[in-house]
Visitor: 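Attaching a single structure in structure tokens format; questions to follow.
First listed ligand is number 1; within each ligand, the first listed atom is number 1. The first residue in the sequence is number 1, and the count goes up from there. Values below: every heavy atom of this structure, side chains too, minus hydrogens, waters and symmetry copies.
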Amino acid sequence: MPHCRHRLELTGVVQGVGFRPFVFNLAKEYKLNGWVCNHTAGVTIEVEGDANLIEAFEHDLSNRSPPLAVIDSFIARRIECIGACEFVILPSSKSGDLSSTPVPPDIATCQDCLNELNDVNNRRFGYPFLNCINCGPRFTIIRDLPYDRAATTMCAFPMCVECEAEYHDPGNRRFHAQANACSKCGPAAFLDVENGSAAIQEAKSVIESGGILAVKGIGGFHLACDATNNLAVENLRERKNRFEQPFAVMARDIAVIRQIAEVSAHEENLLSSRQRPIVLLKKQPNSSVANQVAPRNGYIGVMLPYSPLHHLLLDTKPLVMTSANPSGEPIVRGNLESRQRLSGLADAFLMHNRDIEVVCDDSVVRTFENAEMPLRRSRGYAPLPIRLTDSNLSVLAVGADLKSTFCILKDHFAYLSQHIGDMGSLETIEAFERALKHMLGLFRVDPTKVVCDLHPGYNSARWATEFARRHGIELIKVQHHHAHVASLLAEQQLAPETPTIGVAFDGTGYGTDGAIWGGEVLIVKGNEFERFAHLRYSPLPGGDTCVRTPARTCLSYLRTAGIDWLPSLPCVAHYAPIELRVLGRQLDRDLNCVPTSSMGRLFDAVAALLGVRQQVTYEGQAAIELEALCDNQSTTRTYPAVIIPGAPAILDPEPLLRSIVSDLQAGVPRDQIAQGFHQAVATWILAACILARKQTTLNLVALTGGVMQNLVLLRLTLRLLRQAEFDVRVHRIVPPNDGGLSLGQARLGNWQ
Ligand code: ZN
Ligand code: ZN
Ligand code: FE
């Protein structure tokens, strides 16, 4: 039997996921000696022993690795034997080159831990912070790499004798589990003041009596209340100043969720995945959940508990669990901070003394064609990298101003940040800077370029300009819809230069001509694009006022199309005659009117036209309610989807709107009209793609932008495009909305 020694270098998600104990046990199994060591670049292993056994060991390393581990590269080479006589885990070293070591995301409580939590005979019975090598917080407690307890917010809790013994026992599930804790040595929960174990019981009674509870979780505070109590939910809405935007609900188990919503097999998998995202599910008509939780919405966002504290807090009743943030501000992180920022919002505070190093909101996903479509990629996913087709410079992209994320490129990977939020407030910009500093530090990145949106009014663009100036690095500006398309190409593992027909439909994006774009069909060739077709410009009188008032947008559309403002139309009836005269004059004189080709605004206009919604309180509301109207609608009216050829070609909404108005007057049911409108938009996409294919021979279509979250539209569009044999791509890894934008920006910025 030849005796030899191998040195193995592994990179990927190999820290904080039980990789070293796994290696240790595997080496024992194959009777190999040597060592394993974490360092900033990954994991290094040296094994010595029988050559055949080494081969088997190497094979098993990737095939039997722990569930959370992702091995990206594996290099083995033969080195000289030194006659080792045991296998050891060496202390982590800060050395190693500065290549990427992915940090694991926060992982929902595993079944083994859950069993212990509920076992009266276990020493961790009812302990709200138990975790093990397979579960628990990671990203939100890590301060630095390598991932060791001392470099996390757990450093404040020295392990007790029993925990320490588990930690050093290679046969134990908590062997080298950095966040290992028990009630003797670990963090504790308390209600309002440090009052010990009664905290959770008392917190439950606050909720039971209709109160609002602030709960400190993994990535920040939630506000929780009884989701079946209408008054409590309304009270929460009033205090939070959030009148209609849906709240997410947390339910104890799948059985409870089934009483709230329809759950497919794929959705059940997503709900119980270790990421534990909020999943948008079709509402059950007779659920006990208060109507105010997700008013006028066909869907409800639901999640399962993901920390032991949640498991202990939940009974049979589902709870509203919404991010604790005063409107427009980031989620609350610290105990003291919660007192200040949530005073007046919560009746009681269920807190704990494990610090959250960096905030991370819940993720939101939905399923489409039995696969995941992310709407917000955050807790459970961030900061796992997205693998790219080729190597990149160190680029930082700062995203858009709403649903903001940033993205860092390094080598073959894109690290997309957690959800940051609305960059309109100073607090969010501070949260952005904190999250950025955290990630740049963890991944040891020094950006050589910074990329932002073309929009001169974006706070993110201003921030990037200042950052570039301060660091003396290049600033690159990228057009919004171009970045949307590039983002989809990147996540789909397509090379950035892949020529594509990009259909980017959203609410708002600054165009190269200074207009507001958003109904764009682009021919994208790497860092260049041609605007092949777009929705006809219509003026937005008062710009942002229109975004909040679909009625206003609708009137503008009608005027542009030469359709009379009939008093019987709900959008006309929304205004007093004097207001109509003023608005008419403003449009006639083109005063303070911004031209827009936004598809989002056309959805708003049609929603207003049908009397669905004249005013919105959150982004996308009118379109969401219009989509909900199409439910179970099988009969489809056909409306003209006219394209006027030219460079660019123009999608002309005038004949479409004219037909809708005459249907309305003829008393055609609104749900049929809504469905017909979605069909018309899908037909437009098909027609534009066919035109584009004729001119360019391209067959690849990328569907992106916030409008593509609309499942009714997506389903109709895909059916048409596939019938015409296009190769169609939709978002599966990053959101189609602006939350995925920074990935595309980074990719384009890398190239320029
Ligand atoms: Zn566990
Ligand atoms: Zn302990
Ligand atoms: Fe967008």
Visitor: Assess whether a salt bridge exists between Glu520 and Arg531, defined as any Lys/Arg side-chain N lying under 4.0 Å from an Asp/Glu carboxylate O.
Guide: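 Salt bridge flag = yes for Arg531 with Glu520.
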Visitor: Please determine whether the number of non-hydrogen atoms from other residues, nucleotides or ligands lying under 6.0 Å from atom CG of Asp513 exceeds 12.
Guide: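 Yes.
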Visitor: Taking the Zn ion (ligand 2) as the vertex, measure the angle between atom SG in Cys163 and atom SG in Cys185; round to 10°.
Guide: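 The SG/SG angle about the Zn ion (ligand 2) sits at 110°.
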Visitor: With the Fe ion (ligand 3) as the point of reference, which N/O/S atom of Asp506 is the closest?
Guide: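 Minimum-distance N/O/S atom of Asp506 relative to the Fe ion (ligand 3) is OD2.
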Visitor: For the aromatic rings, using the six-membered ring if either is Trp, is the centroid distance between Tyr167 and His176 under 6.0 Å?
Guide: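 Ring centres of His176 and Tyr167 closer than 6.0 Å.
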Visitor: Hey, which N, O or S atom on Asp738 ends up closest to the Fe ion (ligand 3)?
Guide: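 The closest N, O or S atom of Asp738 to the Fe ion (ligand 3) is OD1.
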Visitor: Heavy-atom distance under 4.5 Å between the side chains of Gln621 and Arg613, does that happen here?
Guide: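 Touching, per the 4.5 Å side-chain cut-off.
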Visitor: Nearest 10° is fine: what angle sits at the Zn ion (ligand 2) between SG from Cys182 and SG from Cys160?
Guide: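 That angle is 100°.
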Visitor: Only one of His482, His480, His484 passes ring pair (Phe, Tyr, Trp, His ring centres under 6.0 Å) with Phe529; say which it is.
Guide: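 Between Phe529 and the candidates, ring pair (Phe, Tyr, Trp, His ring centres under 6.0 Å) is satisfied uniquely by His482.
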Visitor: If I take the Zn ion (ligand 1) as the centre, what angle separates the SG atom of Cys135 from the SG atom of Cys132? Nearest 10 degrees is fine.
Guide: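 SG of Cys135 and SG of Cys132 make an angle of 120° at the Zn ion (ligand 1), to the nearest 10°.
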Visitor: Indicate if the distance from the Fe ion (ligand 3) to the nearest N, O or S atom of His484 falls below 2.8 Å.
Guide: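 Within the cut-off used here (under 2.8 Å), His484 does place an N, O or S atom near the Fe ion (ligand 3).
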